[in-house]
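Below is one structure, written out as structure tokens; the observations come after it.
Residue numbering restarts at 1 for every chain, and letters A, B, ... go by the order of the sequence lines.
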Amino acid sequence: MSVIDDAIVWLNDPLNWTNPDGIISRTGEHLWISAAAVALGCAVAWPLGVWMGHVGRGGAAVVTVTNLSRAVPTVALLTIFPLTAIGFGPKAIILALSLFAIPPLLANAYLGVREVDPEVRDAGRGMGLSAWQLLRKVELPLAVPYLANGFRIAAVQVVATATLAAFVNGGGLGMIISRGFGLGLASGGGQVLAGGMLVALLCLTIEGVLALIEKALLPKSLRRVKHRPPASVADALPAGS
Amino acid sequence: MPSKVNDAVLGLGAPGDDPRNPWFSWSYVSQNTDTLLAALREHLMLTLVAVALATVIAIPLAILAYRVGALSGPILGFTGVLYTVPSLALFAFLAPFTGIVQPTAVLIGLTMYALLTIVRNTLTALRQVPADVLDSARGMGYGRRAMLWRIELPLALPGIMTGLRIATVSTVALVTVGEIAGWGGLGELIIGGFNSNYYRPQIMTATLLCVALALVLDLVLLAVGRVIMPWTRRRTA
């Protein structure tokens with residue numbers, strides 16, 4: 001029997017879906033850990049990014065944070081955090097994942113406010129809006145497409161990265177893959193392949209669903225982000241910066 | 001090698017702030033230099049091979065997408081889908097077919113991720129070459145090939161180098177995930193440290209080496225960029 005057959009057989013066993021550590025409960029685990037991490041990331045990155053965009057400072061810091069976050073392996077934070085005062089359990093995993101959600105959220109919040117047409121800002125000021133009113137009534141609404149875009153990138157990235165929690169036995173769909181490897185490829189190969197398919201499917205689904213929600217909720221006039229902006233501010237920067 | 005410390009920690013059960021399990025210890029580094037260097041070498045090898053392969057494939061692919069408009073949609077779409085699939089899942093797809101005796105699965109996976117970063121940056125850079133520059137080149141009698149080699153690629157080079165740097169730094173971090181398929185370089189020490197009674201000095205040393213490797217390779221590429229693109233040096237100065 002080939003590995004593909006093994007994977008199909010594994011997926012067709014109802015117990016593999018309904019067991020306490022089966023596909024259904026693993027997916028639930030995966031989703032709630034991801035949701036918590038994205039929520040935490042938003043709570044930190046959005047106010048900070050919007051404020052930095054509003055005062056027009058900190059662009060370099062956004063780039064530094066983005067670049068640095070690329071160099072730090074997720075696996076390292078996932079193994080280090082449980083051994084600190086945070087302790088074992090979902091808290092450490094959520095915290096580690098949320099750190100990787102921050103760069104896209106921060107960069108897009110900053111860019112969204114920064115990219116507001118200076119003339120629009122001037123007009124607002126000319127109408128007598130205070131700085132706070134300008135932020136709330138002009139800058140924030142115009143930044144919504146960027147915020148939405150950052151949210152989608154961060155959410156998809158976190159759902160993808162949450163797979164790695166399996167390295168520290170932290171739950172989620174990645175566990176199916178790591179358990180499969182644990183059995184050895186000869187007997188666990190089908191499970192490994194099946195787990196890979198489930199994870200890929202979940203991530204593509206989340207990406208699709210979020211894109212649809214974004215399309216449905218954003219008013220046409222605000223759908224300005226035509227091409228996906230580069231995954232980060234740094235991507236758009238010339239070499240040597 | 002770390003058994004003495006491990007026994008001590010094992011007796012305690014959970015890892016508290018045990019002075020016998022510090023985050024950093026020179027004695028760990030000096031006693032395990034060979035292991036650390038071997039992991040570092042594996043890490044470096046996997047990164048370099050993957051990025052080199054990716055570059056060789058990605059740049060022609062990006063030129064193709066740039067030249068043949070009809071292909072740019074499918075190429076970008078495919079790289080977009082691939083980017084959504086987590087590395088662990090990709091290794092899981094490949095490993096059952098390639099086995100884990102050789103690092104084939106890990107190398108293919110790493111190459112694919114580096115590939116899409118480089119393709120996207122190269123294509124963006126090529127598209128940003130100003131139209132009037134292309135016009136004047138055409139007016140001066142440049143053919144398509146001469147224009148590509150002498151106008152478009154040189155002008156896109158800063159963007160291509162940025163893509164290379166991002167791909168390299170990301171690949172260094174991503175190699176750690178290869179541990180699942182038996183080839184994780186320093187990742188093996190990080191996860192191995194976690195699994196052998198939360199052995200902190202090993203986790204931290206391997207992590208620091210990993211981040212340092214990424215930064216060093218980034219600086220090397222930055223320097224290479226300065227050398228091969230002297231005009232960007234003048235502009236930033």
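If you measure heavy-atom distances from B:Phe194 to chain A, the contacts under 4.5 Å come from the side chain alone. Of the atoms belonging to B:Val81, heavy atoms from both backbone and side chain fall under 4.5 Å from chain A. Of the two parts of B:Ala125, neither the backbone nor the side chain holds a non-hydrogen atom closer than 4.5 Å to a non-hydrogen atom of chain A. When heavy atoms are compared at a cutoff of 4.5 Å, A:Val156 approaches chain B solely by way of its side chain, counted from C-beta outward. For B:Ala214, the part lying under 4.5 angstrom from a heavy atom of chain A is the side chain only. Proximity to chain A (any heavy atom under 4.5 Å) is shown, for B:Leu90, by neither the backbone nor the side chain. B:Ile203 touches chain A through its side chain: at least one heavy atom from C-beta onward sits under 4.5 Å away, while N, CA, C and O do not. In this structure, the portions of B:Val169 lying under 4.5 Å from any heavy atom of chain A include both its backbone and its side chain. For chain B, the nearby part of A:Leu185 is the side chain; its heavy atoms alone come within less than 4.5 Å.
Considering only heavy atoms from C-beta on, B:His43 comes within 4.5 Å of B:Leu213 through its side chain.
In this structure, OG on B:Ser196 lies 11.5 Å from CD1 on B:Ile191, to the nearest 0.5 angstrom. To the nearest 0.5 Å, atoms CD (A:Gln191) and CG (A:Asp13) are separated by 10.5 Å. The line from OG1 of B:Thr55 to CD1 of B:Ile160 is 10.0 Å long, rounded to the nearest 0.5 Å. For the atom pair CH2 of A:Trp10 and CE of A:Met197, the computed distance is 10.0 Å after rounding to the nearest 0.5 Å. Here CG of B:Leu76 is found 10.5 Å from CG of B:Leu71. Values are rounded to the nearest 0.5 Å.
Residue with the most contacts toward chain B among A:Ser178, A:Ala7, A:Pro73: A:Pro73 (heavy-atom pairs, distance under 4.5 Å). Options B:Val85, B:Val175, B:Ile180 differ in how many heavy-atom pairs under 4.5 Å they form with chain A, and the most are formed by B:Ile180. Contact count against chain A (heavy-atom pairs under 4.5 Å) is highest for B:Ile190 among B:Ile190, B:Asp218, B:Leu215.
Other residues, nucleotides and ligands contribute at most 12 non-hydrogen atoms within 6.0 Å of the CZ atom of B:Phe78.
A side-chain contact (heavy atoms from CB on, under 4.5 Å) with A:Ile176 holds for exactly one of A:Ile23, A:Asp21, A:Val192; it is A:Ile23.
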